[in-house]
Amino acid sequence: MADELDTSVNVLLGETVTESMTDDLKVISKKLEIINLQLAKRNMVKIKTIRLILIALCAFIVLVFIALTIMQSSYLRWNYNNPELAVAGTILHGFEFVFVRLAPLAFIASVIGIAITYKKR
């Protein structure tokens, strides 16, 4: 009967409800508040980690572009009759070819990611 009326048996029997229920709710709400703060801190740590990874990726891309600019594709002047130089030059050329095309996209995506993580402060 208590379940159908959505009340306790104590109320049906005419007994007064003690304050322990309100105390229990206060304890539960304090515990939930602590859990929410812990989750918020964990989320902030995750966002800061992602931001640092994106900043590191941007720095890496800039450094590789600087290195490629300094090299000025010097591998193109190598003697490709030597098999080792031919393989190394082909690998360098392939890396430069792919990097120059994909790195700007990764850089832009990283900058957007950094901007988004700063908005979530």
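Owing to the predicted nature of the structure, the values given are computational and were not obtained by experimental measurement. When a residue number appears, it is its place in the shown sequence, counting from 1.
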Test of understanding: clusters of I, L, V, M, F, W, Y form through side-chain heavy atoms closer than 4.5 Å, transitively. Do [X] and [Y] belong to the same one?
{"X": "I112", "Y": "I53", "answer": "no"}
{"X": "I91", "Y": "W78", "answer": "no"}
{"X": "Y118", "Y": "L54", "answer": "yes"}
{"X": "V87", "Y": "Y80", "answer": "no"}

Is there a side-chain contact between C58 and I55, using heavy atoms and a 4.5 Å cut-off?
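C58 vs I55: side chains apart.
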Evaluate the side-chain proximity of L39 to R42: yes if any heavy-atom separation is below 4.5 Å, no if none is.
yes
Strictly distance-based, threshold 3.5 Å: is any side-chain N or O of R51 a donor or acceptor partner for the main-chain N or O of I114?
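Checked: no pair found.
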Remaining members of the apolar cluster that contains I70, side-chain heavy atoms under 4.5 Å:
L57, F60, I61, V62, V64, F65, I66, L68, F95, F99, V100, F107, V111
Rounded at 0.5 Å granularity, tell me how far [atom1] in [X] sits from [atom2] in [Y].
{"X": "K48", "Y": "T117", "atom1": "NZ", "atom2": "OG1", "result": "11.5 Å"}
{"X": "Q38", "Y": "N43", "atom1": "CD", "atom2": "CG", "result": "13.5 Å"}
{"X": "I116", "Y": "I50", "atom1": "CD1", "atom2": "CD1", "result": "11.0 Å"}

Within 45 degrees of the axis of the six-membered ring of F97 and under 6.0 Å from its centre: does R101 put its NZ or CZ there?
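Yes; both conditions hold, so R101 lies above the ring face of F97.
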Taking all atoms of both residues into account, what is the closest heavy-atom pair of Q72 and R77, and its distance?
O-NH1, 4.0 Å
